[in-house]
Protein chains: 2
Amino acid sequence: MSPRKSAAEATATRVRIIERALALAATDGLDGLTIGRLAIDLGMSKAGVVGHFGSKEALQIAVLEAAIEQFRRRVPARAVGADPGLRRLTTAFGEWIDYMAEDEGHSGCLLTSVAAEFDGRPGPIRDAVLAALMSWSTYVSAEVRTAVAAGELPPETDAEQVVFELNGIALAAAQAIQLHHDPAAPARARRAITRLLDVAPPPMGSLGSP
Amino acid sequence: MSPRKSAAEATATRVRIIERALALAATDGLDGLTIGRLAIDLGMSKAGVVGHFGSKEALQIAVLEAAIEQFRRRVPARAVGADPGLRRLTTAFGEWIDYMAEDEGHSGCLLTSVAAEFDGRPGPIRDAVLAALMSWSTYVSAEVRTAVAAGELPPETDAEQVVFELNGIALAAAQAIQLHHDPAAPARARRAITRLLDVAPPPMGSLGSP
DNA sequence: CCTACCGATCGGTAGG
DNA sequence: CCTACCGATCGGTAGG
């Protein structure tokens, strides 16, 4: 029995629950998460699990927020050192691709899969995903505009179009990695990004960057 | 009561079940499908529903196969009239984009969402999705190579890279439509395709097609 | 954090 | 195609 625990121990347990939940959600989806399954995996009771969150939905949101936090620490946080504009964009997307390729199962990019899972279901989960994706695309858009202002991209560049296409490349990489286990996916994604941001790339035969 | 029905009536019922299931799967996912919910929606008993398929998994596969059939009739089938190569590619992807934009909820592109839903779960459903996507990418790849052979694309074109990027554009469109309800998504996707297949497009300032 | 429960719903079967 | 039912599991609560 372990009826009373210190606040620190309770927090540690909460972290353990969320870690396991991230792994389960990566394969079964955020909705496929089950309090019972989580309890068995962690060797504790269902009441012990649910007590940390109050409800399944609160647990799902906590898990999603952990995934978002993980993404932020891994992707934009590692690009802060790069020069704003094109350098930062390629660094950030490179990190994202590495992140997806690292642990195939881990959480792949839970953000991306939850976006697909909840796109037709209004509620706090969809709202949280939307907010995170908006924040990310705002970041990307700002870097694209910085690149344009710095003359790294042509002045007539449609920034939102570039954001759209960059996102597509990331989504294609996610599918190729998680579904097809294609080892060439990261390289393909990198080439696509280079092609897109260099405006006229070598393989297609055109002019070089300004 | 309606204990015995003719074969034709049974088939009609099966079609009704699958139609409703396609709609439910579009919002709740293929795994979120429930025999009980389906039965209530259709005004019949659970046994009546399950009797047509034998098991939930068999029902899921039937639904998925219906979605694949729908995609085939709607996308590649409408491009058979277009000239092989670039024309057929742009027609097919244009149809796909229209298809996704048409009925936001309908089945969006169930194939795409199920691919994300089951990417980490081995089994017949994942296998069926993989087979359908492989068949589609083989088709796209063949058209790209035809375009290269016809001189519509540069001879050094990496066909698989183009397939990867076209897929990314479609995935970005799917997300923008289903999650963000962005009315500009179809136009963005079309522009991206044009940029990709025209090698050097006007908006970015470069050489025209050969 | 546990035991002991709750009503609801799950997929599925028996038998007609 | 229905009624009637099965064991299992769901999310969640009471009470300690």
Side-chain angles (χ1 to χ4, degrees), chain A residues 1-22 24-25 27-64 114 117-118 121 123-126, chain B residues 1-22 24-25 27-64 114 117-118 121 123-126:
Chain A
M1 273 161 253
S2 41
R4 273 301 114 97
K5 296 235 171 163
S6 71
E9 284 171 316
T11 302
T13 301
R14 199 177 195 273
V15 168
R16 273 185 68 225
I17 295 171
I18 288 185
E19 269 169 7
R20 186 75 203 119
L22 279 168
L24 285 178
T27 61
D28 297 337
L30 202 53
D31 216 61
L33 259 188
T34 269
I35 296 168
R37 175 67 200 280
L38 219 37
I40 291 170
D41 285 11
L42 294 165
M44 53 193 288
S45 67
K46 288 201 300 170
V49 171
V50 83
H52 283 272
F53 306 93
S55 71
K56 181 180 175 177
E57 193 176 71
L59 164 68
Q60 290 175 306
I61 288 176
V63 171
L64 179 58
V114 175
E117 190 181 359
F118 283 84
R121 301 188 237 175
I125 296 177
R126 185 173 178 282
Chain B
M1 271 162 255
S2 43
R4 273 300 117 95
K5 297 234 170 161
S6 70
E9 283 170 317
T11 302
T13 302
R14 200 179 193 274
V15 169
R16 273 186 68 226
I17 295 171
I18 289 186
E19 267 169 7
R20 186 76 202 116
L22 279 167
L24 285 177
T27 62
D28 297 337
L30 202 54
D31 216 60
L33 258 187
T34 269
I35 297 167
R37 175 67 200 280
L38 219 36
I40 290 169
D41 285 11
L42 294 165
M44 53 192 288
S45 67
K46 289 202 299 172
V49 171
V50 83
H52 282 273
F53 307 93
S55 70
K56 181 179 174 177
E57 193 175 72
L59 164 67
Q60 289 174 305
I61 289 176
V63 171
L64 179 58
V114 175
E117 189 181 0
F118 282 84
R121 301 188 237 175
I125 295 177
R126 185 173 178 281

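No experiment lies behind these values; they were computed from the predicted model shown. Numbers restart at 1 for each chain; the letters A, B, ... are given by sequence-line order, proteins then strands.
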Please report the closest heavy-atom contact between B:Leu33 and B:Ala21, naming both atoms and the distance.
CD2-O, 3.8 Å

Nucleic acid footprint by protein, nucleotides 5-12 of chain C - heavy-atom cut-off 4.0 Å, B for base, S for sugar-phosphate alone
-----SBB

Salt bridge (charged side-chain N to carboxylate O under 4.0 Å, His left out) partners of residues 34-58 of chain B, not counting sequence neighbours, each pair once
B:Arg20-B:Asp41, B:Arg37-B:Asp41

Gap between atom CD1 of A:Ile40 and atom CD1 of A:Ile35 - 0.5 Å precision
12.5 Å

Can you name the nearest heavy-atom pair linking B:Ala58 to B:Phe53, along with the distance?
CB-O, 3.4 Å

Considering only heavy atoms from C-beta outward, does the side chain of A:Glu117 approach that of A:Ile125 to under 4.5 Å?
no

To the nearest angstrom, how far is B:Leu38 atom CG from D:dC1 atom C1'?
15 Å

Mind checking the OG1-CE spacing from A:Thr13 to A:Met44? Nearest 0.5 Å is all I need.
6.0 Å

Give the dot-bracket line for DNA chain C from 5' end to 3' end: parentheses for intra-strand Watson-Crick or G-U pairs under 3.5 Å, square brackets for crossings, | for inter-strand pairing, dots for unpaired.
||||||||||||||||

Can you find a pair of side-chain heavy atoms, one from B:Asp28 and one from A:Asp31, that are under 4.5 Å apart?
no

What's the shortest heavy-atom distance between A:Ile61 and A:Pro124, and which atoms?
CD1-CB, 3.6 Å

How close or far is atom P of C:dC2 from atom CE of A:Met44, stated in whole angstroms?
5 Å

